[in-house]
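Working notes, structure below.
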Amino acid sequence: MDVAIVGLGMHPFGRTPTMSGLEQGAAAARAALADAGTDFKRMEFAFGGSQDSGNADSLVNLLGLTGLQFTNVANGCATGGSSLNAAYSAIKSGQYDVGLVVGFDKHDRGAFNPQPADWGLDDWYGETGLMLTTQYFGMKIQRYMHDHGISRETLLRVAEKAFRNGSLTPTAWRQTALSWEEIDNAPMVSEPLNKYMFCSPAEGGCALIVCRADIAHEFHPRPVYLKTAVVRSRNYGSFEVFSPAQPPEVADSPTVTASQAAFELAGVGPEDIDVAQLQDTEVGAEIMHMAENGFCDHGDQEQWLADGMTEIGGRLPVNTDGGCLANGEPVGASGLRQVQEICVQLRGDGGARQVPNEPKVGYTHVYGAPGISGVNILAR
Amino acid sequence: MSNAKPLHEGLFSWPADTPSLIGTRCLDCGEHAFPSQSACRACSGQNMAPADLGSEGTLWTWTIQSFMPKTPYRTDETPETFTPYGVGYIELACGLKVESRLRENTPEQLTIGMPMKMEMITVRKDEEGTDLLTFQFCAAEEQH
Ligand SMILES: [Zn+2]
């Protein structure tokens, strides 16, 4: 049985001081139910997650105690991808007909504050100043630029595109385009990445209604079909965050393995994708993920960005809503925002940021610590 | 350095004239690990032996920590006295790349591939006033 997405709901990302993370999740769920023309009583199951805002299954206190199966998912930045993956399996297997996928979060300002023990590390690692995700991102793109001839201008181009696309997206957190000079002169965070090259923790909620493809039109006239949902973790040798040492041979990242599996299962190739969401925790991630997901060869990003090929009107529009850079990253909701944006584009509802020529096939990629990637391929 | 001890035991040989990083080597597949591991991440085997990883290597990648980190960072510094530090991976003779603080803290001082050597630094003093030590790497040749 094929799987369809028939309801999209979002509580805008950014800051909502008057609402808890859970309330933002409930708002997103209600919006998705309304979009699908249905109600919570009809939901047979739910998968949901939040990193810092409590158990997702507490949502029933706000949405109604209907007795449905509600499973909490906790997979770091890949929580949304893992939730959708679980829902996909639940419908694909024939177990259920229709259900809810929801993610939400409300993080403190500033960078995340990880503790060594939670990551299987001893205290010295954090106490001596090595436990910062920003350092890892800086070091990974530093080596990548060295190996593949990527220039600092290409980093700037990715940031410029993100904020420009954010300015076209009513639900984005950062809705002001930034000039080349503003980005170029921003304070350095972790060489070679400066302030405007990183996304920030944020708040927000996102929800999807998924169902059997053969009943999709009961809910929405323009369903989007989830061709495949794949999640993979790291192999030995993959260069990941919070690693006191790295093996001699650098192995393919989980993004490569998830992407290859997704293309194979969906029976399409990178050349068939009309619009993509690629995890852009920082600008280097988007650049590396273009190649790791198979859209170009390592090093080709330099030319791709210079030629505008990932712009909304380009050959492969990437992060049309501004991605994590313009939307911030409420961890539990972020991966679902990516899927939602692709659904908006495939429905043709993108407004000022709509990809031209009626895109038919879309792609989402989420990546999270300590080395998890989720890939979805969607089509109308 | 008589009134000094490692912040964490087992990361490097101490006391020693030239301290060396201490890790493990898998007796089944030969892969090295740092810090020491009781099981091998490459082959899942459990036959691990201690290994001297040396104190020299080359710079594989780097960045600079330009602001004072929040907890779990724990030194005697204040935001006013904080000095930016480099962070990098040092490729050792066995091929393993070890993450380390770097003495160098400006882009001009750091180049991928440059030779590096290990030195001891004080992270902070404990309640008795003893220096708590960890390792860092610095350029193996004097820079001009
Ligand atoms: Zn082994």
Side-chain angles (χ1 to χ4, degrees), chain A residues 108-147 152 187-195 234-251 282 284, chain B residues 6-11 21 23 29 31-35 37 40-44 53 60-75 77 82 84-92 94-101 105-107 110-113 121 123-124 132 134-136:
Chain A
D108 292 336
R109 285 164 202 274
F112 296 114
N113 207 17
Q115 297 301 314
D118 294 340
W119 297 83
L121 296 165
D122 288 315
D123 287 343
W124 71 270
Y125 187 76
E127 291 180 4
T128 60
L130 300 177
M131 192 112 197
L132 287 93
T133 55
T134 43
Q135 295 171 353
Y136 162 75
F137 289 124
M139 287 190 287
K140 190 173 180 198
I141 189 63
Q142 186 90 263
R143 180 75 200 186
Y144 194 87
M145 290 166 82
H146 171 268
D147 286 350
R152 182 159 185 277
M188 189 57 70
V189 173
S190 199
E191 284 277 342
L193 302 171
N194 72 27
K195 179 185 162 188
R234 65 198 189 280
N235 286 302
Y236 180 70
S238 178
F239 182 32
E240 304 293 346
V241 71
F242 302 152
S243 300
Q246 168 67 21
E249 296 295 324
V250 178
E282 37 76 37
Chain B
L7 170 67
H8 188 88
E9 290 291 337
L11 298 177
L21 285 174
C29 77
E31 282 286 302
H32 289 86
F34 176 84
Q37 296 269 314
C40 177
R41 293 181 186 181
C43 75
S44 307
L53 302 177
W60 187 69
T61 188
W62 59 272
T63 188
I64 291 162
Q65 182 59 41
S66 51
F67 59 89
M68 184 163 155
K70 298 191 288 189
T71 57
Y73 190 62
R74 192 176 166 207
T75 66
E77 292 163 304
F82 173 77
Y85 55 91
V87 178
Y89 279 84
I90 310 300
E91 188 163 10
L92 305 173
C94 67
L96 194 70
K97 298 178 269 284
V98 169
E99 190 179 13
S100 172
R101 282 178 70 123
N105 62 2
T106 65
L110 294 163
T111 309
I112 288 174
I121 54 162
V123 180
R124 63 172 185 273
L132 300 178
T134 195
F135 63 94
Q136 76 171 11

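Order of the sequence lines sets the chain letters (A, B, ...), proteins ahead of strands, with each chain counted from 1. Any value given below was found using the heavy atoms of this structure, including those in side chains, with hydrogens, waters and symmetry copies removed. Model, not experiment: these values are computed from the prediction.
Of all heavy-atom pairs spanning A:M139 and B:W62, the tightest one is CG-C, 3.6 Å. Closest approach of A:P248 to B:E31, counting heavy atoms only: CD-OE1, 3.7 Å. Across every non-hydrogen atom of B:T63 and A:Q135, the tightest pair is CG2-O, 3.7 Å. Across every non-hydrogen atom of B:P72 and A:P114, the tightest pair is CD-O, 3.4 Å. When all heavy atoms are compared, the tightest approach of A:E191 to B:P107 is OE2-CG, 3.3 Å.
Remark: A:Y236 OH to B:C40 SG distance equals 6.0 Å, nearest 0.5 Å. Between A:T134 atom OG1 and B:Q65 atom CD the span is 5.5 Å, to the nearest 0.5 Å.
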**OP:** With side chain to side chain contact (heavy atoms under 4.5 Å, CB included) as the test, would you mind laying out the steps for B:Y89 and A:R143 before giving the verdict?
**Re:** CA-CA 10 Å; B:Y89 279 84; A:R143 180 75 200 186; over 6 Å; no
**OP:** Take B:E99 and A:Y125, measure what side chain to side chain contact (heavy atoms under 4.5 Å, CB included) needs, and give me the verdict at the end.
**Re:** CA-CA 10 Å; B:E99 190 179 13; A:Y125 187 76; 2.5 Å; yes
**OP:** Would you please test B:T61 and A:K140 for side chain to side chain contact (heavy atoms under 4.5 Å, CB included) and show each step?
**Re:** CA-CA 7 Å; B:T61 188; A:K140 190 173 180 198; over 6 Å; no
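Only the side chain of B:V123 comes within contact range of chain A, with at least one heavy atom under 4.5 Å from a heavy atom of that chain. Heavy-atom distances place the side chain of A:L132, and not its backbone, under 4.5 Å from chain B. The contact between B:T71 and chain A is made by backbone and side chain atoms together, counting heavy-atom distances below 4.5 Å.
At a threshold of 4.5 Å between non-hydrogen side-chain atoms, the residues B:R124 and A:E127 count as touching.
The residue among A:Q142, A:M188, A:Q115 with the most heavy atom pairs within less than 4.5 Å of chain B is A:Q142. By number of non-hydrogen pairs under 4.5 angstrom with chain A, the leading residue of B:L96, B:I90, B:V98, B:L92 is B:L96.
Remark: A:S243 engages no residue in a side chain to side chain donor-acceptor pair (under 3.5 Å) (not counting sequence neighbours). Evaluation of the ring-ring contact (aromatic ring centres under 6.0 Å, His included) rule for A:Y136 yields A:F239 as partners, not counting sequence neighbours.
The aromatic rings of A:W124 and B:F34 sit perpendicular, their planes meeting at an angle over 60°, well past the 30° parallel limit.
Screening B:T134, B:I121, B:T75 for a side chain to side chain contact (heavy atoms under 4.5 Å, CB included) with A:T128, the sole residue that qualifies is B:T134.
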